[in-house]
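Remarks on the structure that follows.
Heads up: numbering here begins at 1 and tracks the sequence.
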Amino acid sequence: MPVILRLLAVLAGLLLAGPAQAACTLASATTAIFAPASSYDVRSGSIATITAPQSFACNGSIISIVASNYARATMTSTNGFKLRNASGDTIGYRLSADAAGTTTFNGGATVDYMNPTLLSLLGILNGGSFAPPIYAAIAESPNISAGVYTDTVQVNWAWDICHGVGVGGVCVLGEIGTGTTTMTVQLTVSRDCRISAPAVSFGTAPLVSQFSGVTQAVAVDCTKGSAFNVAFTSGVANVSRPWRAMKDAAGNVLQYNIYRADGTTVWDQLNPLVAAATGTGAITATQMIPYVARINPAQQTPPAGQYTDSVSVVVTF
């Protein structure tokens, strides 16, 4: 009999304590932000999965599981689970209960975090705490312009959580509730460019006046819709006017220069070329920008040897 009275007393104490023990909290708004990335990162599918800030959690001395418990979330996306920028470009993404994306919210699915399989997979019930996660992952790799991409998601929560179990496994302190969290999902996409610049070879000649000019092109492309300029650096000698300098191992100099397609306008960082078209976002650079390289025919012919210079193509965007 004393034991039964003690049990009844504990039961009464738990029931009376119910309103003060309610321990589930719901955030009114959260923001899930992907790490900033370039448009080419998006195209290559290299954006890392992120964990959204906690929007719902329960804490208490003991959280138990009974058959009737649930913690359900349903999500509604403003843009149909696509991030959108001011230009109207979109990137599909996925929200899920697990990092691998096997239990997804896309398409209006309702996920019960109290499902035994999901509880076991996530390990989110730990004695006095229950914190269901939400993972966000980029699910498409489109050709897009730069900008801030966003979507707004309403997360509708409904829960029945047990904070204490009495005799026979009956929940003696439960909490039932519903609520909505507004979650902003965001990715900032920056501009980037691709460059391909073949080496220039003037060949071999006994006299400087016998070298022919070389006409070829650098291939450049940048993020879709991005304007860009192209220029050549001044090379190892750090001089481009009136002539650049190739040198041999002994330090002898062979003068040359790089010109725009007209063959007369020196092309260097003091006189960058504005590209005729904006970037297309192509992964392999396809916009061919021609130039002419020519050796100074009026200079004195230097000693025979191999003359080289190292020049970089600079793309400003």
Check whether any side-chain N or O of E175 sits under 3.5 Å from a backbone N or O of A23 as a donor-acceptor pair, and report yes or no. yes
Closest non-hydrogen contact found for A137 with T49 is CB-OG1, 3.5 Å
Quick check for you: to the nearest 0.5 Å, what is the distance between Q54 atom CD and L26 atom CG? 10.5 Å
Shortest non-hydrogen pair, P272 vs N229, comes out as CB-CB, 4.3 Å
Could you go through S129 and N59, starting from their C-alpha distance and side-chain angles, then the distance that decides it, and tell me whether this counts as side-chain contact (heavy atoms from CB on, under 4.5 Å)? CA-CA 4 Å; S129 66; N59 293 284; 3.4 Å; yes
If hydrophobic clusters are built by linking Ile, Leu, Val, Met, Phe, Trp and Tyr wherever their side-chain heavy atoms come under 4.5 Å apart, do Y93 and Y135 end up in the same one? no
Testing the basics here: between F202 and V214, what is the closest heavy-atom pair and its distance to 0.1 Å? CD2-CG2, 3.8 Å
Backbone of T104 reached by a side-chain donor or acceptor of R94 within 3.5 Å: no
Would W243 and V208 show up in the same hydrophobic cluster when neighbours are defined by side-chain heavy atoms closer than 4.5 Å? no
Tell me the closest heavy-atom pair linking V155 and A73, and the distance in Å. CG1-CB, 4.3 Å
Report yes if some heavy atom in the side chain of V218 is under 4.5 Å from a heavy atom in the side chain of F232; otherwise report no. yes
CD (Q299) and OG (S209) are apart, to the nearest 0.5 Å, by 10.0 Å
T233 side chain vs S312 backbone, donor-acceptor pair below 3.5 Å: yes
Is it true that V311 and V315 fall in one hydrophobic cluster, defined by side-chain heavy atoms closer than 4.5 Å? yes
What distance separates R244 CZ from D309 CG, expressed to the nearest 0.5 Å? 7.5 Å
CD1-SG distance between I161 and C58, expressed to the nearest 0.5 angstrom: 4.5 Å
Verdict with reasoning, T223 to D192, per side chain to side chain donor-acceptor pair (under 3.5 Å): CA-CA 6 Å; T223 297; D192 199 0; over 6 Å; no
Let me know which of T308, I295, V236 forms a side-chain contact (heavy atoms from CB on, under 4.5 Å) with M246. I295
Should I258 and I195 be counted in the same cluster of Ile, Leu, Val, Met, Phe, Trp and Tyr side chains packed under 4.5 Å apart? yes
Stepwise side-chain contact (heavy atoms from CB on, under 4.5 Å) test for L119 and F130: CA-CA 10 Å; L119 278 177; F130 174 69; 3.9 Å; yes
Apply side chain to side chain contact (heavy atoms under 4.5 Å, CB included) to D112 and list each qualifying residue two or more places apart in sequence or on a separate chain. Y70, R72, M114
Is a side-chain N or O of T78 found less than 3.5 angstrom from the main chain of T152, in a donor-acceptor match? yes
Chi angles and distances behind the side chain to side chain donor-acceptor pair (under 3.5 Å) call for N271, T265: CA-CA 9 Å; N271 188 26; T265 304; 5.6 Å; no
Test item: V148 and Q186 side chains (from C-beta on) under 4.5 Å apart, heavy atoms: yes
How about N156 and T180: does a side-chain donor come under 3.5 Å of a side-chain acceptor? yes
Decide yes or no on side-chain contact (heavy atoms from CB on, under 4.5 Å) for R43 and N143, but give the supporting numbers first. CA-CA 6 Å; R43 294 208 68 182; N143 182 14; 3.7 Å; yes
Between S87 and D89 (side chain of the first, backbone of the second, donor and acceptor by atom type, cut-off under 3.5 Å), is there such a pair? no
Within a reach of under 6.0 Å around CZ of R191, are more than 12 heavy atoms found that belong to other residues, nucleotides or ligands? no
Taken to the nearest 0.5 Å, the spacing of E140 CD from T90 OG1 works out to 6.5 Å
N106 side chain vs L95 backbone, donor-acceptor pair below 3.5 Å: yes
What I want to find out is whether D268 reaches R241 closely enough, with some N-O distance under 4.0 Å, to be called a salt bridge. yes
What's the spacing between Y291 OH and L273 CG if we round to 0.5 Å? 13.5 Å
Is there a side-chain contact between I47 and D41 in this structure, where contact means two heavy atoms from C-beta onward sitting under 4.5 Å apart? yes
Just by distance, do the side chain of D221 and the backbone of T280 share a donor-acceptor pair under 3.5 Å? yes
Would you say the side-chain atoms of T182 pair up with the backbone N or O of A29, donor to acceptor, closer than 3.5 Å? no
Can you name the nearest heavy-atom pair linking S240 to V266, along with the distance? O-CG1, 4.0 Å
Within the 4.5 Å heavy-atom criterion, are V239 and S234 side-chain neighbours or not? no
Closer than 3.5 angstrom, by distance alone: can the side chain of Q216 be matched with the main-chain N or O of A293 as a donor-acceptor pair? no
Any heavy-atom pair between the side chains of L122 and D98 that's under 4.5 Å? yes
Closest heavy-atom pair and its distance - A52, A32: CB-CB, 3.9 Å
For Y113 and P133, indicate whether the former's side chain and the latter's backbone hold a donor-acceptor pair under 3.5 Å. yes
Cluster check I144, I33: I/L/V/M/F/W/Y, side chain < 4.5 angstrom: no
Students often mix this up, so state it plainly: with edges at 30° and 60°, are the rings of F56 and W159 parallel, tilted or perpendicular? tilted
Please determine whether the number of non-hydrogen atoms from other residues, nucleotides or ligands lying under 6.0 Å from atom NZ of K247 exceeds 12. no
Take F81 and V185, measure what side-chain contact (heavy atoms from CB on, under 4.5 Å) needs, and give me the verdict at the end. CA-CA 9 Å; F81 293 97; V185 185; over 6 Å; no
Could you tell me whether the side chain of S145 reaches within less than 4.5 Å of the side chain of N85, counting heavy atoms only? yes
Less than 4.5 Å apart, side chain to side chain, heavy atoms only: is that true for W157 and C24? no
Would you say P142 and V42 make side-chain contact, with heavy atoms under 4.5 Å? yes
